[in-house]
Amino acid sequence: MWLRDLCYSRFSWIGRPLSGVFRGLGSDLEAAGMRIHPEVYMSMVGFASLLSLTVIGGFVAITWLLYLLTGVMPLPLRLLVYAPWNLRLIILVTLTSTPLLIILLGAAIPKLVASNRASKLRNEIPYASMYMSVMTSGGLSPYQSLMRMREIDLLPTLRDEMGRLQTIILSTGIDPVSAMEKAVKVVGIKEYKSLLLGYASIVRRGGDVLHYLYSQTESMFEDLSIRIKAMGERLSMLMEANIIVSILGALGLIMIFIVSLSLPSVGMSFTPEQFNLFSFLVLPMLSLLFMYLGDIVQIGGGGSTWKAYLYPIAAAPIAIFIASQTVLPHLIGLRPLLPQLTALIERLNALLELGEGSEAALGLALSLLAISIPGIIGDWLYAERDRKIFEGVTAFIRDIVETRKTGLSPERCIIALSEKDYGEFTPHLKRIALKLRWGMSLRSIFEEFRDRVRNWLSQVVIYFLIDAIEIGGGTEETLEILADFVEKTGHLERERRGLLAPLTFIPYIGAILLTSTTVIFLRFFANLTSLGGLGIPQVTLRKVLLTPLVLHSFILGLTTGKLGCSNRVSAGFKHSAILVIISLLGIWAASSILSLDLMG
């Protein structure tokens with residue numbers, strides 16, 4: 001808060017005119033849930049812009065001062081003085097335009113946040129409508145159902161939106177129906193507007209609210225099914241585009257590098273350092289861009305699996321150290337801190353018969369496997385292990401409806417069904433039944449279930465079931481509505497996974513194609529060298545070409561996890577490990593083929 005006050009008090013002379021330039025900023029901030037006045041926000045952006053200008057100017061002044069005092073020109077100054085004119089132009093344009101770029105980025109951030117929030121809200125709306133239908137059938141008014149959503153942290157974006165709705169009611173004193181009509185004006189989501197405005201219209205006319213909510217929820221799930229099919233087509237295009245860019249980009253770089261290395265007299269210069277820059281920086285950044293686009297396109301169920309990334313993050317320092325001692329000494333000649341580890345890689349390379357020049361690729365493969373294996377463990381513990389639980393939950397909800405019709409209370413129905421087999425959900429159901437026999441409350445039972453089960457859909461369904469029992473008494477009608485929509489949700493989840501499952505195999509084909517093509521290149525130029533046609537150093541060629549091959553395979557695996565049916569980067573670690581091993585097999589094949597050619 002103090003930073004806001006400081007920026008507005010000192011830099012409001014920037015914030016006021018900038019907020020006038022970006023006229024839609026106020027609505028963007030409100031849609032993004034950023035509770036700050038446009039002038040205050042742009043004052044903070046202006047402060048950041050001036051700060052960047054001060055940092056750049058101070059850096060240039062200190063660099064020039066060091067040159068005057070020592071007579072030694074620092075590297076940044078040498079770049080500005082002796083670099084080619086096009087590189088100097090890029091550096092100067094970047095430095096001078098940084099403050100303006102910060103202002104433009106600051107003005108665009110609320111719009112990006114609002115777009116991301118709208119996307120999340122669109123995914124949560126069908127479940128909110130389902131919850132309202134279930135609660136209304138149990139006797140709770142839709143408005144009270146909406147207010148109860150402020151307690152549902154399983155739907156975080158909708159919870160924040162309901163908090164905004166309550167703020168409008170308390171701050172303006174208008175009735176809830178009018179507040180709903182006002183709240184939807186800044187949220188450009190058709191489903192959200194249809195739900196709240198339709199409810200407001202039904203209340204004003206005195207219609208059947210439950211029938212409206214039920215039909216609206218059915219319509220939302222049908223629209224969600226259409227969106228899932230369209231999502232499958234978009235992700236398929238993204239995956240194909242990523243494979244084309246990754247494979248053709250890598251092959252193009254290989255061709256340019258080999259031609260430059262074999263024909264230096266033609267004037268083409270593409271050094272190993274430039275090749276490594278493109279291979280280790282540009283192509284991975286393009287893959288990250290495709291992952292980001294895939295995240296925008298994906299229709300996720302919700303929930304967070306961030307804890308799965310703690311395992312690879314914890315292993316990252318070890319992997320970085322291994323890479324510094326096994327990759328950099330062989331790739332760029334860096335002196336190792338632990339020569340024994342460098343020598344170990346050389347002995348392992350000789351034992352596996354990968355050939356001279358493959359040490360850096362082998363070291364990088366071991367470093368990436370050191371990250372992938374903990375990533376596989378983390379993903380299994382926090383995401384993949386509980387994926388099949390939802391199938392058992394769906395069958396359980398349908399059975400509890402039929403058992404409820406016999407006259408048993410909802411709690412007795414749960415205890416009676418605990419003896420039935422529901423697959424992965426069975427041990428959790430037995431624990432729930434045991435807690436009920438002990439007399440524990442349903443809310444405490446859910447919290448314990450949530451700590452043990454990390455599948456978001458299962459958590460949502462059990463939460464809705466407990467609320468239906470606590471608020472509406474778990475009547476047959478209420479549970480029947482819940483079961484219908486849970487079955488629709490299960491059908492949509494199976495449809496989504498079925499559409500995206502074939503995308504998993506595309507990166508494997510791409511990695512095999514890239515590996516085999518690289519092997520063919522190495523064999524071809526080895527034959528030319530042996531015939532005396534070209535003097536290409538084979539060790540340099542293998543070192544430069546094979547090392548990025550391992551990294552490309554690793555990143556293709558991560559892309560598979562994000563763009564595939566799992567919609568998680570953490571799910572890509574198992575694909576990355578497999579593809580890294582495939583790349584090592586390709587390197588071994590290249591070594592074997594080359595050795596056979598040289599012996600022949």
Chemist: Of the non-hydrogen atoms in Tyr212 and Leu195, which two are nearest, and what is the gap between them?
Modeler: OH-O, 3.7 Å

Chemist: Would the distance check show the side chain of Asn455 and the main-chain N or O of Ser458 forming a donor-acceptor pair, the cut-off being under 3.5 Å?
Modeler: yes

Chemist: Please confirm whether the backbone N or O of Lys111 pairs with a side-chain atom of Ser115, one donor and one acceptor, at under 3.5 Å?
Modeler: no

Chemist: Measuring from atom CD1 of Ile466 to atom CD1 of Ile432, what distance do you get when rounded to the nearest 0.5 angstrom?
Modeler: 7.0 Å

Chemist: Do Thr403 and Thr406 get their side chains close enough for a donor-acceptor pair, meaning under 3.5 Å?
Modeler: no

Chemist: Return yes when atom CZ of Arg450 has more than 12 non-hydrogen atoms of other residues, nucleotides or ligands closer than 6.0 Å, and no otherwise.
Modeler: yes

Chemist: Can you tell me which residue among Tyr463, Tyr131, Trp456 is in a side chain to side chain contact (heavy atoms under 4.5 Å, CB included) with Leu155?
Modeler: Trp456

Chemist: Taking all atoms of both residues into account, what is the closest heavy-atom pair of Ile36 and Met44, and its distance?
Modeler: CD1-SD, 3.8 Å

Chemist: Just by distance, with hydrogens left out, do Asp399 and Tyr422 show a side-chain donor and acceptor under 3.5 Å apart?
Modeler: yes

Chemist: State whether the side chain of Gln459 and the backbone N or O of Val453 hold a donor-acceptor pair below 3.5 Å, judged by distance alone.
Modeler: yes

Chemist: For Ser133 and Thr217, which I'm curious about, is there any donor-acceptor pair between the side chains at under 3.5 Å?
Modeler: yes

Chemist: Are Ser178 and Asp175 close enough that a side-chain donor and a side-chain acceptor fall under 3.5 Å?
Modeler: yes

Chemist: In terms of relative ring orientation, are Phe221 and Phe485 parallel, tilted or perpendicular, with 30° and 60° separating the classes?
Modeler: parallel

Chemist: For Met147, is there any backbone N or O sitting under 3.5 Å from a side-chain donor or acceptor partner on Arg150?
Modeler: yes

Chemist: Any sub-3.5 Å donor-acceptor pair from Ser129's side-chain atoms to Pro126's backbone N or O?
Modeler: no

Chemist: In terms of ring plane angle, is the pair Phe449 and His428 parallel, tilted or perpendicular, where the classes change at 30° and 60°?
Modeler: perpendicular

Chemist: Taking the six-membered ring for Trp and the single ring otherwise, decide whether the centroids of Phe425 and Phe396 are under 6.0 Å apart.
Modeler: yes

Chemist: Indicate whether the side chain of Ser444 and that of Ser441 have a donor and an acceptor atom separated by less than 3.5 Å.
Modeler: yes

Chemist: Salt bridge between Asp223 and Arg122, side-chain N to carboxylate O under 4.0 Å?
Modeler: no

Chemist: Could you list the residues that satisfy side-chain hydrogen bond (donor to acceptor under 3.5 Å, both in side chains) with Ser141, not counting sequence neighbours?
Modeler: Gln144

Chemist: Which heavy-atom pair separates Ser145 from Met135 by the least distance, and what is that distance?
Modeler: OG-CB, 3.2 Å

Chemist: Measuring only between side-chain heavy atoms, which start at C-beta, is Ile202 closer than 4.5 Å to Leu213?
Modeler: no

Chemist: For Thr560 and Thr504, test the side chains for any donor-to-acceptor distance below 3.5 angstrom and give the result as yes or no.
Modeler: no

Chemist: Between the side chains of Glu495 and Ser225, is a donor N or O closer than 3.5 angstrom to an acceptor N or O?
Modeler: yes

Chemist: Compare every heavy atom of Pro38 with every heavy atom of Gly26, then report the nearest pair and how far apart it is.
Modeler: CA-CG, 3.7 Å

